[in-house]
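Remember, it's 1-based here, ligands and their atoms both numbered in the order they're listed. Nothing fancy with the numbering, it's 1 onward along the sequence.
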Amino acid sequence: KNKEGLRKIFNENKIDAVINFAGFKAVGESVEKPLMYYENNLFGMITLLEVMKEFNVKNIVFSSSATVYGVSEKVPFVETDPMGEVTNPYGRTKVIIEHILMDLAKSDNTWNIIALRYFNPLGAHESGRIGEDPNGIPNNLSPYITQVAVGKLEKLHIFGNDYDTPDGTCIRDFIHVNDLAAGHSAALNYLFNNENLGFDAINLGSEKGYSVLEILSNFEKAVGKEIPYVIDGRRAGDIAVCYADASKAKKLLNWEAKYTIEDMCRDSWNWQKKNPNGFKD
Ligand code: UD1
């Protein structure tokens, strides 16, 4: 958001491309603090694009999300699906930014822009040194589970078991963070090897759906003990089933997810076990 600071970075370095990871991402917080979300996510992106334009750097990869498909019931989600009805300000910032990027590409065909639509990132680096350490009570499933397993939280609350799925809990497409990282390298290579691409949105998912109870049982195997849970009511805004059609990533980026759900749970747990208090130690 700091234009002068950005100009300094662009002046002092030779920059070929930019990846914008600097968005806020907590759905609940975005409902409570919408202005904070619009200010950070939108102004941050617009300021960055303005400075990129000044320096004639026109390759950018943006962290988008499967959330842009909204509350649709048609799975798998494919990039040709319309962006759907999004239920929270966080998700709306992703939709609005994709529109900004499309408009920009339309106005000037020398931009090369890719929005990567992440499904549900899980796992940690195998070293156990880089992992997910959310502030406060985790909103997302996997850090909640690992914090129960390590004894920081009492039990998992499963949000609903009355969905129209085989075991009644929601189904998601989990993707290992290392696969996600590799997807960004692949996107950069694609930008560098092509010209005048304009705007493209590409799903990064494993194409496989696992239910909340299946994730829990995979974590129990990784941890080697039972993880206590209770069934609570549904969480507002959740959809029953969400998984990707990732054939576009395969075709354009020559990328596909390689890690299994067992790898993801093992690596998340390895990180949590080595860092029971997150990065504070
Ligand atoms: C959520 C956001 C999505 C965002 C992503 C990353 C919603 C509707 N979607 O995805 O926009 O890009 O996080 O921040 O919020 N669950 C439990 N107990 C928990 C936590 C989660 O049962 O304590 C269940 C949820 O009901 C859901 C599944 O686990 O069915 C996955 O939840 P979560 O990890 O929050 O991801 P999404 O909701 O899929």
Asker: Using a 3.5 Å distance criterion without hydrogens, assess whether the side chain of Lys248 forms a donor-acceptor pair with backbone atoms of Leu253.
Answerer: no
Asker: Taking salt bridge (Lys or Arg N to Asp or Glu O under 4.0 Å) as the test, write out the residues that go with Asp263, two or more places apart.
Answerer: Arg266
Asker: Write out the protein residues near ligand 1, meaning a non-hydrogen atom under 4.0 Å from one of its atoms, in order of chain and number.
Answerer: Lys25, Val27, Ser65, Thr67, Tyr90, Asn120, Asn139, Asn140, Leu141, Tyr144, Leu156, His157, Ile158, Phe159, Cys170, Arg172, Val212, Arg235, Gly237, Asp238
Asker: Side chains of residues 186-199: which donor-acceptor partners sit under 3.5 Å, not counting sequence neighbours?
Answerer:
from	atom 1	to	atom 2	distance (Å)
Asn193	ND2	Asn189	O	3.0
Asn194	ND2	Tyr190	O	2.8

Asker: Kindly state each residue pair satisfying salt bridge (Lys or Arg N to Asp or Glu O under 4.0 Å) with at least one member in residues 66-79, sequence neighbours excluded.
Answerer: Lys74-Asp81
Asker: Ignoring hydrogens and geometry beyond distance, is a side-chain donor-acceptor pair present between Arg92 and Tyr37 at under 3.5 Å?
Answerer: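 Arg92 vs Tyr37: no donor-acceptor pair found between side chains.
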Asker: In terms of side-chain heavy atoms, does Glu29 have a donor or acceptor partner in Asn139 at a distance below 3.5 Å?
Answerer: no
